[in-house]
Amino acid sequence: MEDLSRFRVLAVHAHPDDEVLFTGGTLADMAHRGAQVRVVTATLGEEGEVIGSALQGLVASGLLGGYRARELADAAAALGVESRLLGGLGCFRDSGMAGPAHPRALVNRVEEATAAIAREVADFAPHIVLTYGPDGGYGHRDHIAVHRAVHAAVPAQQRVWWAVFDRESNYAGLEREIPQPWSRPSTQYLDNFTNVAQVRYALPPAALTAKLAAMKAHPTQIWLQEEQGAYALSNKLAMPVLDAEFYQPGQACTLEPGLSGAELLLAGVE
Ligand SMILES: [Zn+2]
């Protein structure tokens, strides 16, 4: 196992839970191997839907954002990484999926977010940045805003990888009985949610264990059935727990033949 202690890795995400669903195993593995790993999250996910009846009161009481800040902190601890909120606690608000966005919403303040990300990058000087591709992973406007702000904020030589859900792996992971009370996602849903990934990051057992613990730290958002190897969001569509995460080259990346995982993401980094 190569020691990564000379590397700094920055992940920039839109909402609490994205850090674990898109990149959690990668971040845990790199942190276990000594890298300094920091997650910057742009919003508190105030517009998210909540799973189950026990925590529904968070929505009507307006407490969801604060609760999700706690979930994010617990998830980061499980992954063994640092966590920061872009601009400070509650600075940028979740924009929601559609409709008029709050005046403080991220989508209405992308230039401010860009400046805040530029400060984070100047402060941390990451060797690599992980964020979403141009479609935000599945089209959420906060994810697209984060993609744009990251790319506007970083210098041209900054290496940026885009975290994606791999189409083939997700289809293969759903070729089995779907745990109750969930449904099988449609082809249309999966094709919107997934991409044909070029980089596979295989997760060692310790990283997968940390990822599962971090998923459990988000009870408002992620419903995990660990023995079934599956999870669902509030839409109750089953998704497989995979032992790998996936990336596309975003900016200043090279796809070194024969390499994968951290060795590929960090190949040639000075
Ligand atoms: Zn999100």
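Note that this is a predicted model, so its numbers are computed, not measured. When a ligand or atom number is given, it counts from 1 through the structure's own listing order.
- Here 4 is the count of protein N, O or S atoms positioned under 2.8 Å from the Zn ion (ligand 1), waters not counted.
- Ion pairing of E47 with R93 is present here, as a side-chain N (NZ or NE/NH1/NH2) and a carboxylate O approach within less than 4.0 Å.
- Not counting sequence neighbours, Y247 has no partner by the ring pair (Phe, Tyr, Trp, His ring centres under 6.0 Å) test.
- In terms of the side chain to side chain donor-acceptor pair (under 3.5 Å) criterion, Y138 has no residue partners (sequence neighbours excluded).
- Under the side chain to side chain donor-acceptor pair (under 3.5 Å) criterion, the residue pairs touching residues 259-270 are R33-E263, with sequence neighbours excluded.
- The pair E245-K211 counts as a salt bridge, with a side-chain nitrogen and a carboxylate oxygen less than 4.0 angstrom apart.
- Placement of Y132 and L242 in two distinct hydrophobic clusters is found when ILVMFWY residues are connected by side-chain heavy-atom separations under 4.5 Å, directly or transitively.
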